[in-house]
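One structure below.
Atoms within a ligand are numbered from 1 in the order they appear, just like the ligands themselves.
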Amino acid sequence: MPTISKIEKNSSYLKVIWNDGEESKFNYMWLRDNCPSAHDKDSRHRMFNILEVSQDINPKNYNINKEGKLEIEWSEGDHISYFDQKWLRDNCYTIKNNKKYVSPYQLWDCSLEKDLQSIKIDHDEIISSDEGLIKWLKLLHYKGIAIVKNAPTEKKSAFPVLNRISHTRETFFKTPFEVINIPKPNNSAYTAHALRNHMDLPWFELPPGYQFLHCLVNDSEGGNSSAIDGFAVAEYLRKNEKEIFETLTSIPLKFRDKDYTQESHRSFHAPAISLTKDKDFHDIRFSVATMDALDCHPDVMDKVYKAHHRFGNLLHDKKFQINFRLEPGDIFSFNNRRILHGRTEFDPNSGHRHLQGYYMDRDEIIGRLNYLKK
Ligand code: OGA
Ligand code: ZN
């Protein structure tokens, strides 16, 4: 653990030099705001209010005390702060900003089909061990896809394994939703038709982060599954087709739902690809079935349609897509805002087919993984 070897006072920050040669700048307002006494012990919420000190607050005195803490006596508020050196180092925003961002995502293409074993995990392993649960969560977060094997095949029986992560996300489709061929379907998933690669519910402000399709029966001819890594396709465009990438990340499309069972018309504008603060991929919005009549400016409509057309074709390209067949007891689990999924047409007269679907927010997956890794 590096320790502080030198401190210099500047106009708005303390410059700290560590014994391993690293340098940190700690802004005065930042230090005062993060005084260890600022937070309530139980709620862990900040009780101290930075708005009650002036913007000129600065250290009147500072030193490394006998316990090895950085002790700061403030110019106002009659307050002394004691900072752990390890905490300062771990939370140093200077060092964090000097490091190159490393994406957690492991992008994949059609070659994953030969290695499907690598994304499979046994149901009972998740139920009975945290190692199993962590393995599932890592697949979901890093690869965006996993297939849970040997789950029970009773209705609603995916709840116990899903609840190892957290609660599910409710929608008007109910939990679980029944993916079954029904008369007068309110969604094309509830037919025997093929479903092109798509995400679910892109017309929500926040579409479900993850989706879990639990296969109970799959005895019909057809009804094979497909999946494609939308982030891998987006990365291909970022590298090779810059103008298309720029259009897809900057111009909002429009999605809408006009479900006849609903007394509601839900719709939302968002670009096809959105990025994080580190310019990593945040999410993909793509669904031929529920894209609305676009209302972009006439000067850009042509390039928007051409970019959408190119992206959509790549999202069905055999270089990127994997194909597989779900077996009873499989739970096809994936990041709904990264992985596009589809199925081939099936013949309902040849046998029965029944999946039950569940959604979960992405916060639940990442939050649980962060917690269990510690
Ligand atoms: C869905 C869906 C796939 C399938 O219900 O959203 O895409 O294999 N189903 O039926
Ligand atoms: Zn779907």
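Counting the atoms of ligand 1 from 1 in the order shown, those under 4.0 Å from a heavy atom of L355 are 4 (C), 8 (O), 10 (O). Numbered from 1 in the order shown, with element, the atoms of ligand 1 that lie under 4.0 Å from a heavy atom of A189 read 1 (C), 5 (O). Taking a cut-off of under 4.0 Å to the non-hydrogen atoms of Q211, the atoms of ligand 1 that pass are 6 (O). Residue-ligand proximity, H198 to ligand 1, at heavy-atom distances under 4.0 Å covers atoms 6 (O), 7 (O).
The protein heavy-atom contact nearest to atom 10 (O) of ligand 1 is R343 NH1, 2.7 Å. Nearest to atom 6 (O) of ligand 1 among the protein's heavy atoms is D200 OD2, 2.9 Å. Closest to atom 9 (N) of ligand 1, if we only count protein heavy atoms, is L195 CD1, 3.8 Å.
The Zn ion (ligand 2) sits nearest to atom OD1 when only the N, O or S atoms of D200 are considered. For the Zn ion (ligand 2), the nearest N, O or S atom contributed by H198 is named NE2.
Looking only at atom types and distance, the side chain of N10 has no donor-acceptor partner in the side chain of E8 under 3.5 Å away.
A tilted orientation is assigned to the rings of H214 and Y358, their planes being inclined by 30° to 60°. Ring-plane geometry between H198 and H341 is classed as tilted, the angle between the planes lying from 30 to 60 degrees on a 0 to 90 degree scale. Using bins of under 30°, 30° to 60° and over 60° for the plane-to-plane angle, the ring pair F332/F334 lands in the tilted bin. The aromatic rings of F286 and F311 lie perpendicular to each other, with more than 60° between the two planes, well past the 30° mark.
Taking the side chain as every heavy atom from C-beta outward, S226 and R196 never approach each other to under 4.5 Å. Counting only heavy atoms from C-beta outward, the side chains of W18 and S5 never approach each other to under 4.5 Å. Side chains of I145 and D229 form no contact here, defined as non-hydrogen atoms less than 4.5 Å apart.
At least one N or O atom of R353 sits closer than 3.5 Å to an N or O atom of ligand 1. Taking only nitrogen or oxygen atoms, main chain and side chain alike, H341 reaches within less than 3.5 Å of ligand 1.
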